[in-house]
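First up is the structure itself, then whatever we jot down about it.
Since this is a predicted model, take the numbers as computed values, not measurements. When a ligand or atom number is given, it counts from 1 through the structure's own listing order.
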Amino acid sequence: MKNPMPAPSPFGQELASQTADGAGINLEQLKAPSPEDVAAITRLWIATGLIPAIRDARQDIENCISADNGSLIVARMPDDQQIFATMMTGHDTVFGWIHYLAIAEHAQGSGIGSELVALAEDILRLSGLSEIRVTIENAAAGDFYAKLGYDFIGSVTGQDHPDSPQNKIMRKSLVK
Ligand SMILES: CC(C)(COP(=O)(O)OP(=O)(O)OC[C@H]1O[C@@H](n2cnc3c(N)ncnc32)[C@H](O)[C@@H]1OP(=O)(O)O)[C@@H](O)C(=O)NCCC(=O)NCCS
């Protein structure tokens with residue numbers, strides 16, 4: 001990817017990230033998604049298994065954007081500006097949380113997921129949080145977060161579906 005044009009970060013600074021092969025990517029805090037953005041995010045979340053194919057991402061996007069403590073960070077393809085990576089951060093005043101970390105299959109393994117997690121840690125540390133948590137829905141994601149220093153701390157059953165399989169919670173201290 002070429003010609004990175006860093007977008008304003010949640011803190012009024014410029015954000016720029018590098019893939020593992022040195023190519024630049026643009027990260028953007030999405031505050032006013034277009035219908036095309038919502039459609040692209042819905043496709044991404046379905047393709048990466050984060051939501052069922054019958055669901056629309058619109059409500060979760062709106063909830064995150066309208067929350068005082070929520071950030072939706074996206075990466076766009078440089079050519080057609082299509083969103084190919086997402087991550088939400090938020091906090092409940094005690095713990096910071098990462099949600100909806102998703103990288104399109106064609107861009108996985110280039111370091112973008114790690115970059116987004118590092119950004120979430122910075123955002124939440126600057127919000128005064130001392131611990132970040134994530135709910136893990138598949139074993140591969142657990143391996144990914146373990147590589148980034150996250151520890152398994154427990155399991156929860158989905159609130160909406162008490163009979164659903166247990167999800168793992170992983171944590172990492174934000175205190176340096
Ligand atoms: C999991 C995911 C976010 C990782 O993003 P990514 O950009 O591909 O990961 P990175 O390139 O930053 O990889 C960072 C490290 O994690 C490892 N890793 C990445 N995906 C992995 C996987 N599925 N299993 C095991 N290790 C993995 C990489 O090998 C790399 O290790 P290294 O530094 O030793 O080479 C991405 O694969 C994805 O979107 N998956 C589908 C959606 C999902 O499961 N999201 C998490 C919800 S909790």
Side-chain angles (χ1 to χ4, degrees), residues 1-2 4 6-7 15-30 37-57 59-61 63-64 70-78 82-92 95-124 129 131-161 164-174:
M1 286 171 250
K2 294 174 188 167
L15 285 179
S17 186
Q18 294 270 312
T19 60
D21 63 2
I25 62 166
N26 308 325
L27 299 180
E28 168 189 333
Q29 185 181 12
L30 192 62
D37 290 339
V38 173
I41 293 172
T42 300
R43 283 196 299 275
L44 175 64
W45 290 356
I46 291 171
T48 52
L50 297 188
I51 60 173
I54 52 167
R55 257 189 72 195
D56 185 302
Q59 193 61 55
D60 287 346
I61 292 170
N63 290 346
C64 178
S71 301
L72 171 55
I73 310 295
V74 301
R76 294 182 187 274
M77 296 297 292
Q82 182 133 319
I83 291 170
F84 72 95
T86 64
M87 178 193 64
M88 283 185 187
T89 65
H91 65 83
D92 54 19
F95 303 119
W97 289 88
I98 296 178
H99 305 284
Y100 288 117
L101 176 65
I103 317 298
E105 194 174 351
H106 68 82
Q108 290 180 6
S110 318
I112 299 170
S114 309
E115 291 281 346
L116 284 169
V117 171
L119 176 61
E121 293 170 3
D122 286 345
I123 290 171
L124 294 165
L129 281 297
E131 183 171 316
I132 184 169
R133 294 186 170 195
V134 60
T135 303
I136 302 298
E137 298 180 15
N138 60 69
D143 293 342
F144 164 76
Y145 277 103
K147 282 200 168 178
L148 300 181
Y150 285 68
D151 298 317
F152 167 71
I153 54 166
S155 299
V156 288
T157 302
Q159 289 180 336
D160 296 340
H161 303 285
S164 66
Q166 289 194 326
N167 292 325
K168 290 181 176 180
I169 295 179
M170 298 181 81
R171 69 167 290 280
K172 182 177 177 181
S173 171
L174 293 174

Please could you name the atoms of ligand 1 that Ala102 approaches to less than 4.0 Å, counting only its heavy atoms?
39 (O)
Rounded distance (nearest 0.5 Å) linking atom CG of Leu50 with atom CD1 of Ile41:
12.0 Å
If you compare all heavy atoms of Met170 against all heavy atoms of Ala146, which two are closest, and at what distance to 0.1 Å?
CE-N, 3.9 Å
Using a 4.5 Å cut-off on heavy atoms from C-beta on, say whether the side chain of Tyr145 contacts that of Lys172.
no
Considering only heavy atoms of Ser110, which atoms of ligand 1 have at least one such atom less than 4.0 Å away?
11 (O)
With heavy atoms under 4.0 Å as the rule, classify the contact between Leu148 and ligand 1 as side chain, backbone, both or neither.
neither
Calculate, to the nearest 0.5 Å, the distance between atoms OG1 and CD1 belonging to Thr86 and Ile103 respectively.
7.0 Å
Tell me which one of Glu115, Gln108, Glu137, Lys147 gets a heavy atom nearest to atom 36 (C) of ligand 1.
Gln108
What pair of heavy atoms forms the shortest contact from Ala102 to Leu44, and how long is it?
O-CD2, 3.8 Å
Is_contact(atom 33 (O) of ligand 1), protein non-hydrogen, under 4.0 Å
no
Could you tell me the residue and atom name of the protein heavy atom closest to atom 39 (O) of ligand 1, and the distance to it rounded to 0.1 Å?
Ile103 N, 2.8 Å
Quick test: of every protein heavy atom, which one is nearest to atom 7 (O) of ligand 1, and how far off is it to 0.1 Å?
Gly113 N, 2.7 Å
So which of Ile98, Thr135, Leu101 gets nearest to atom 43 (C) of ligand 1, if we judge by its closest heavy atom?
Leu101
Between Asp37 and Arg76, does at least one N-O distance fall below 4.0 Å, as a salt bridge requires?
yes
Could you tell me whether a side-chain N or O of Thr42 sits under 3.5 Å from a main-chain N or O of Ala57, the two making a donor and an acceptor?
yes
Starting from atom 24 (N) of ligand 1, what is the nearest protein heavy atom, named by residue and atom, and what distance separates them?
Ala140 O, 3.6 Å
Would you indicate which of Val117, Leu50, Asn138 comes nearest to atom 44 (O) of ligand 1 when only heavy atoms are counted?
Asn138
Closest protein heavy atom to atom 8 (O) of ligand 1, given as residue, atom name and distance to 0.1 Å:
Gly109 N, 2.8 Å
Between Trp45 and Tyr100, what is the ring plane arrangement, given parallel below 30°, perpendicular above 60°, and tilted in between?
parallel
Numbered in order shown, the ligand 1 atoms found under 4.0 Å of a heavy atom of Asp143 are 25 (C)
Using the ring of each side chain (for Trp, its six-membered ring), is His99 parallel, tilted or perpendicular to Trp97, with breaks at 30° and 60°?
parallel
Can you see which heavy atom on Leu72 is nearest to which on Ile61, and at what distance?
CD2-CG2, 3.9 Å
the protein heavy atom lying closest to atom 19 (C) of ligand 1 turns out to be Phe144 CD1, 3.8 Å
Would one find more than 12 heavy atoms of other residues, nucleotides or ligands at under 6.0 Å from atom CD of Glu105?
no
Taking atom 13 (O) of ligand 1 as the reference point, the nearest protein heavy atom with its distance:
Ser114 OG, 3.8 Å
With heavy atoms and a 4.0 Å threshold, my read on which part of Ala141 contacts ligand 1 is side chain
Atom 11 (O) of ligand 1: the protein heavy-atom neighbour that sits closest, reported with distance to 0.1 Å:
Gly111 N, 2.8 Å
Here the atoms of ligand 1 under 4.0 Å from any heavy atom belonging to Thr48 are 41 (C), 42 (C)
